[in-house]
Amino acid sequence: MRQGWFLPLVTILLTLNTQNLEARENGVKTSVFLSPKLVLGPGSVANKVFYDIDFPRGHVALKDFNAEVVDEAGNSIPLHETYLHHWVAVRYYERKGISVSKHSHSSGFHQADRIIARNAGICDHGLTQYFGLGSETRKTATHIPDPYGIEIGNPAEIPDGYEEKWFLNVHAIDTRGAEERLGCTECRCDLYNVTVDEYNRPLNPDYIGGLYCCYDETHCLVKQGFESVRRNLYMKYTVKWVDWEDSILPLKIYIFDITDSWSKSDELSKHNCQIEYTVEACANDANNKACVESRQISVVMPTGGDVIYGVAHQHTGGVGSALYGEDGRVICSSTPTYGQGTEPGNEAGYIVGMSTCYPEPGSVRIADGETLYLDSNYSSSQRHTGVMGLFYILVAEPLPNSKSYLQAAVEIRGETAKNSFIWIGVLFGVGIAILVAFLGYRKLRSPREDEYEPINI
Ligand SMILES: *[C@@H]1O[C@H](CO)[C@@H](O)[C@H](O)[C@H]1NC(C)=O
Ligand SMILES: *[C@@H]1O[C@H](CO)[C@@H](O)[C@H](O)[C@H]1NC(C)=O
């Protein structure tokens, strides 16, 4: 009779713990979507813009965005077959009731029927996306820690008569059988036999490689006699989100570009972001394996805040990129991981992941109007065309009373966590003690072994 209440108590203690975990996990929703198909044969290029893609709807906070290229059976496709040059997901508002083509090969966007709902900056044109990466997509962390999120679908922000949608630009190059695989991924104009751009305008003869030479439907040189099937591929993207709540702190997305020609000393200068550039091979010497080209720019952040996340985007040859504060402190340093095998996610010679920064909230703060420095380093032991040097940061607005308030908040949160931890420990200890006592009554052979059983249930 005395034992009657012991077991239910233990059960309640353990259940309470589990339910907390489940509730948190249940709040985060995960959706897996497929882009419309990309049809690719050896040497071919697809640079498509898909409007009104499948995306989480409603007023939500995005927590994670991951992607990869798959075939019709859902198999992951390695980069040495289909090189994912880049993809970007852009938020926009579309006038209700208009009928516009969902598919296009260009990202021209001039009608008032569609308005880009761009990120927080800072390029004056282009780089408006919320998310976007390239070959590094599979192994680059994108999750956003609590209590932060990227707010979308807020009815108060959507202009009257419009609805919020997303478009996806995917640029993929099929390099099966390529004469020069690296050259194809670097969009070298000679390999594409291209002398005019997408709109038939002659290219400057000095332009030897980059996006203007590997536009939609162009072909890169393939080894003579090489044949393989054309196949249907898709960009599979996985989005995690939670329903919007006022306790979520919204993040602003900033993208810096190493080719930004803005100058602090010229009041009229714009953030003219070229997006891509060429790294020339270093002067030939015995030591050229060690050659590194380092570029640096400065930009001013109009409004600062707490950096919650940072990551760079580089192409093959990249050896790292970092963002620094006005005083030289490192805000975030991001370095590439090169693959070493053949399987998807580990393709030798390709950047398969970029390291990311998740500073403790409040520990890396950018002041309003602070000058930041960005550097982007590439190996220059050989020439690289069409490379990029972007840096993404996610910034939270500091809470009203600035530093002291925030630090206090963090401390209180830490204190609460510590207290809960102690309480869980105490309760758990009591639970175990009760259980041991209970099991003792039953005269079990090995209490040690049995102590663990309920925890595994
Ligand atoms: C390259 O383009 C030119 C004209 O645009 C064409 O005459 C020539 O056959 C092309 N060469 C190859 C190898 O496709
Ligand atoms: C880039 O190269 C410069 C010059 O060598 C160096 O000072 C800097 O630390 C490098 N940055 C990164 C992120 O590796």
Side-chain angles (χ1 to χ4, degrees), residues 41-45 136 140 173-175 177-181 183-184 187-205 207-209 212-227 255-260 277 279-283 285 287-299 307 309-338 351 353-359 364 371-381 384 387-393:
S44 71
V45 175
E136 75 276 31
T140 302
I173 304 172
D174 189 327
T175 62
E179 190 73 55
E180 285 190 53
R181 199 165 253 137
C184 289
C187 299
R188 252 174 49 199
C189 302
D190 58 337
L191 293 171
Y192 286 86
N193 192 26
V194 159
T195 52
V196 293
D197 74 7
E198 191 169 2
Y199 309 103
N200 231 12
R201 295 174 300 207
L203 292 170
N204 185 326
Y207 187 82
I208 49 167
Y212 294 110
C213 287
C214 60
Y215 43 91
D216 195 40
E217 310 275 301
T218 53
H219 278 86
C220 197
L221 188 61
V222 169
K223 289 188 193 111
Q224 214 170 12
F226 180 88
E227 278 186 27
I255 305 177
F256 306 106
D257 181 355
I258 198 71
T259 68
D260 186 344
Y277 66 106
V279 173
E280 293 297 343
C282 60
D285 63 44
N287 222 6
N288 73 348
K289 281 246 178 301
C291 285
V292 169
E293 190 226 60
S294 182
R295 293 198 177 199
Q296 190 172 78
I297 60 152
S298 68
V299 292
V307 178
Y309 170 83
V311 70
H313 169 71
Q314 292 193 309
H315 289 192
T316 302
V319 294
S321 172
L323 191 65
Y324 308 88
E326 196 162 318
D327 58 358
R329 73 190 186 287
V330 177
I331 288 170
C332 174
S333 177
S334 178
T335 50
T337 302
Y338 284 86
I351 294 185
M354 293 295 299
S355 71
T356 50
C357 300
Y358 284 96
V364 177
T371 300
L372 305 181
Y373 298 92
L374 171 67
D375 70 14
S376 174
N377 296 349
Y378 269 85
S379 161
S380 56
S381 55
H384 293 287
V387 304
M388 292 175 73
L390 301 185
F391 213 102
Y392 287 73
I393 53 170

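Order of appearance sets the numbers: ligands from 1, and atoms from 1 within every ligand. Keep in mind that what you see is a predicted model, and the values were worked out from it rather than measured.
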**Student:** Tell me the protein heavy atom at minimum distance from atom 2 (O) of ligand 1, and give that distance in Å.
**Tutor:**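 Going by distance alone, atom 2 (O) of ligand 1 is nearest to N193 ND2, 2.3 Å.
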
**Student:** Among protein heavy atoms, which sits nearest to atom 9 (O) of ligand 2, and what does the distance come to when rounded to 0.1 Å?
**Tutor:**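 Its nearest protein heavy-atom neighbour is Y324 OH, 3.9 Å.
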
**Student:** Between E293 and Y378, is there a donor-acceptor pair closer than 3.5 Å when you use the side chain of the first and the backbone of the second?
**Tutor:**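 The answer is no, because no donor-acceptor pair under 3.5 Å joins these two groups.
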
**Student:** Which atoms of ligand 2 have any heavy atom of S294 under 4.0 Å away?
**Tutor:**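 What qualifies from ligand 2 is 1 (C), 2 (O), 3 (C), 4 (C).
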
**Student:** Has D375 got a side-chain atom pairing as donor or acceptor with A322's backbone, closer than 3.5 angstrom?
**Tutor:**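 Yes, because the side chain of D375 sits within donor-acceptor range (under 3.5 Å) of the backbone of A322.
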
**Student:** How far is atom 8 (C) of ligand 2 from its nearest protein heavy atom, and which residue and atom is that?
**Tutor:**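 Scanning the protein heavy atoms, the shortest distance from atom 8 (C) of ligand 2 goes to D375 OD2, 3.6 Å.
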
**Student:** Would you confirm whether any non-hydrogen atom of the protein falls under 4.0 Å from atom 11 (N) of ligand 2?
**Tutor:**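 So atom 11 (N) of ligand 2 has protein heavy-atom neighbours under 4.0 Å.
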
**Student:** Any protein heavy-atom neighbour for atom 5 (O) of ligand 2 (distance below 4.0 angstrom)?
**Tutor:**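 No; the ligand atom in question lacks any protein heavy-atom contact below 4.0 Å.
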
**Student:** Please report whether atom 14 (O) of ligand 1 has a protein non-hydrogen atom at a separation of less than 4.0 Å.
**Tutor:**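 When distances to the protein are checked, atom 14 (O) of ligand 1 has a heavy atom within 4.0 Å.
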
**Student:** Taking 4.0 angstrom as the limit and counting only heavy atoms of A322, give me the atoms of ligand 2 inside it, by number and element.
**Tutor:**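 Under 4.0 Å from A322, ligand 2 has these atoms: 13 (C).
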
**Student:** Grab the two heavy atoms, one from I297 and one from I258, that are nearest each other, plus how far apart they are.
**Tutor:**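 Nearest heavy atoms, I297 then I258: CG2-O, 3.2 Å.
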
**Student:** Tell me: protein heavy atom nearest atom 1 (C) of ligand 2, and distance?
**Tutor:**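 Result for atom 1 (C) of ligand 2: N377 ND2, 1.5 Å.
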
**Student:** With no hydrogens and no angle check, is any side-chain donor or acceptor of Q314 less than 3.5 Å from a backbone partner on N377?
**Tutor:**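 Present.
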
**Student:** Let's test your reading of the model: do C184 and C220 have SG atoms under 2.5 angstrom apart?
**Tutor:**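 Yes - the two cysteines, C184 and C220, have SG atoms within less than 2.5 Å of each other.
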
**Student:** So which atom in G325 and which in L372 form the shortest heavy-atom distance, rounded to 0.1 Å?
**Tutor:**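 In this case the closest contact between G325 and L372 is CA-CD2, 4.1 Å.
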
**Student:** Considering the heavy atoms of S321, write down every atom of ligand 2 situated less than 4.0 Å from one of them.
**Tutor:**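 Matching atoms, with element in brackets: 13 (C).
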
**Student:** List the steps and the verdict of disulfide (SG to SG under 2.5 Å) for C187 and C213.
**Tutor:** CA-CA 6 Å; C187 299; C213 287; over 6 Å; no

